[in-house]
Every structure is written in C-alpha cells, then in structure tokens.
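Notes to accompany the following structure.
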Protein chains: 2
Amino acid sequence: MNAPVSTPTSAPALTKNQSLVFDVLDRADAPMSAYTILDRLRDHGFRAPLQVYRALDKLLEFGMVHRLESLNAFVACAHPESECCGKGHGHGHGTVAFAICESCGHVSEFHDHEVDHRLGAWAKAKNFKPAKTTIEIRGLCGACAA
Amino acid sequence: MNAPVSTPTSAPALTKNQSLVFDVLDRADAPMSAYTILDRLRDHGFRAPLQVYRALDKLLEFGMVHRLESLNAFVACAHPESECCGKGHGHGHGTVAFAICESCGHVSEFHDHEVDHRLGAWAKAKNFKPAKTTIEIRGLCGACAA
DNA sequence: TGACACACGTTATAGCATAACGCAATTGAT
DNA sequence: ATCAATTGCGTTATGCTATAACGTGTGTCA
C-alpha cells in the first residue's frame, strides 16, 4: 500500500505523502518551510522531518514544487498545467525567476527568455556547464509598496 | 580598543574581527560557511558563531563579501578595487551573478547589464520594488567539465 | 520465489542562524 | 569634562534547517 496511486489527471502519480505535502503547498499563499509543512501534517500522521523532505525531493524532481534558496522554503509551481518548469520531461520553459514580497510573502513566478539567453551565453563563453540556475528578487510587491 | 582602525587603503575601516573574517574569506578559493570560518579563527580567539555572523553582517553591508544563498556560504567579493558591487555607496555595477562549480567549489562572479535590465523591466511592469536580487548558476566549471 | 527498487517510519545527529544578556570603548552634544 | 547614544564585543542558550543510518513493507519482474 506504499506505491504511487495512478490518478486520472496530469503527470506522474503521487504517493500519499507526496500528495499531502503538495496539497499543503498548493493551498498556501506564501512559501512554507519543511518544518511548517510538517506541523500542518501532524494530524495526518506525519511525525518526522524526513517524511516531508522525502516528499519534497520527489516533488522538486517532478517540477511541481520549487525551492526558494534565499528563504529555505518551498512553493507549489505556479503553472500546474502542462508539466511546468523544465525539469519534469526535459522541456518546459527554462529557468524560472521568482519575485518574493518581503512584506506579504507573496511569490510571483516568471520567465524571461532573454535572461536565460544571456546567462547561457556567459556559460558557453566560459565553458561552464549549468545544472541549475536560481533567480530570486526580494523586495516589495505592488500592493505592499503602495 | 574595540573601534575600527583606520587604514591607509580603501573603503570603510574594519574592526579586528571583521578583518580576520575577511582575510580568511579572501584567502579561500571556495565559499566558506560561517562555522568553517569560526573553526579557522579559533586560534585567534573566536569562540562562538555570533562573532563570525556579526562580522559577516558588516562585511555584507560594506559589499566586501557576498552570501551564496544556494550554499549558505560566503565569499569575498571578486572586485576588491573600486568599492565593488553596489551596496557600499549606492553606485557599483548592479546585481552580481555567480557561477558555482559543484565539483571544485570555485565561484565566478560576473555581471550582465542586459540581465539587470530585463529583471528591472519586469519589476517595473509589475510595480515590484526590488531590494536584493540573487542570481546563482550551479554546475561544472570548464576545468571540471572537461 | 527471490532479487530489486522504492516508499515509508524512526531515531539520532549534523549544520546553519539568532535571541538575549551584559560589558567596554568611541563619539559627540552639552 | 561628562553624560547619553551608539557600536562592537563575548557568552550562553536556543531555534531552525537538513541529512545519516537503520529497518520494514510492498509491488515488479525475471
């Protein structure tokens, strides 16, 4: 009873723990730390951080969740449709950038092809082989800056 | 005997602890965590993490050191000349990007005006007020990828 | 049916960062 | 001169983030 359960919907089938973690992130309106997720899931039988981290690892691998490095926290991917952001099947739309409001916590996810292109060009020129690129802008969102 | 000591050279005078921490980072050829720095400075009287973090806070403020968010580690700024990277006096050359080799640990610091421009344009369009931007590319440097 | 892969659960530990206290030294206004 | 404000320092304790190492159960497939 531990294997992934196939669903009628999108990409890879999630296990119970993976679904629970994803649902928590998907309902949240701000990034959550692994330990905050853990606390939200105590009622569902979660007892230890590893249960969360293991689910997060898979969700990251599937491209359904992003890690915000500057926050040590996680968000559900903002483009649930179409297998999202690149890692999943090799396609997707390149590196994703995040704008993080330090007041309300809201995160906007966006992509800029030209930025990708410039960073890629630098890498090529330097013979650097990129594996993962992080772009995070911290500041104040329109609503909070007003 | 705790105040900054003026030096004939560059920007803001550093206190003893700040100098010690900066020197360790400056001599390192890879990013260092605060605790690694602490261990390196035990012989100089450092006993607690806060001594390191407090020095790092100031060095970050002066723009002499960068924090690598994806590593929870620190590097000396690669452009020691000309007050470096933006924070110090308000000028500098915008957001700095880092290419981090996951094999040898080497970090390259660079700047791309067009990337700045594109991210700035997105922010402007969305009414987002950027405070600090992080760009980190993890991968393999030319030497290690060969 | 046995080797394998994978998800899971648990305990323990490692690694990163800050809160809260009090003291010492410098600055600068009065 | 002297007092208040500021800043750096040292110490202890604590909190948050992440992984190591072990063992169990289950489904797959040769």
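Lettering follows sequence order; numbering is per chain, from 1.
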inquiry  = For the residue pair A:E136 / B:T134, report whether a side-chain donor-acceptor contact shorter than 3.5 Å exists.
reply    = no

message = Looking only at the side chain of B:A48 (C-beta and beyond, no hydrogens), which of the listed nucleotides D:dT11, C:dA7, C:dT11 gets closest?
response = D:dT11

request  = Name the orientation class of the two ring planes belonging to A:H117 and A:H113 (parallel below 30°, tilted from 30 to 60°, perpendicular beyond 60°).
outcome  = parallel

note = Whichever of B:N17 and B:N72 has the more 5' nearest nucleotide on DNA chain D, that residue is B:N17

ask   = Could you give the CG-to-P distance, from B:L38 to D:dT11, as a whole number of Å?
value = 11 Å

message = Counting only side-chain nitrogens and oxygens, does A:Q51 get under 4.0 Å of the OP1 or OP2 atom of C:dC8?
response = no

ask   = What is the distance from CG of B:D39 to C1' of C:dA14, rounded to the nearest Å?
value = 13 Å

inquiry  = Using only atom types and a distance under 3.5 Å, with no angle test, would you say the side chain of B:N17 pairs donor to acceptor with the backbone of B:A55?
reply    = no

ask   = Can you check whether B:T15 has a side-chain N or O nearer than 4.0 Å to OP1 or OP2 of D:dT7?
value = no

key: Separation of atom CG in A:L14 from atom C1' in C:dC8, rounded to whole Å   = 15 Å

task = Check the angle between the aromatic planes of B:W122 and A:F110 and answer parallel, tilted or perpendicular using the 30° and 60° thresholds.
result = parallel

inquiry  = Using whole Å, what does the distance between atom C1' of nucleotide C:dC8 and atom CG of A:L41 come to?
reply    = 15 Å

task = Can you tell me the distance, in whole Å, between the NZ atom of B:K16 and the P atom of C:dA24?
result = 18 Å

Atom pair distance, as rounded to whole Å: CG in A:L68 and P in D:dT17 = 13 Å

ask   = So which nucleotide from D:dT11, C:dA17, C:dC8 ends up closest to the side chain of A:Q18?
value = C:dC8

request  = Respond yes when some side-chain nitrogen or oxygen of B:S33 is under 4.0 Å from OP1 or OP2 of C:dC16, and no when none is.
outcome  = yes

ask   = Does B:L71 or B:R54 map to a spot on DNA chain C nearer the 5' end, using the closest nucleotide for each?
value = B:L71

request  = Return the value, rounded to whole Å, for the distance between atom CD of A:E61 and atom C1' of C:dC6.
outcome  = 12 Å

task = Output yes when a side-chain donor or acceptor of B:E109 lies under 3.5 Å from a complementary backbone atom of B:A78, and no otherwise.
result = yes

inquiry  = Check for me: is A:Y35 stacked on D:dC16 by the 5.5 Å centroid and 30° plane-angle rule?
reply    = no

key: Proximal nucleotide (of D:dA20, C:dC16, C:dA19) relative to the A:L50 side chain   = D:dA20

query = A:H44 has an atom NE2; how far is it from atom P of C:dG9, in whole Å?
reply = 13 Å

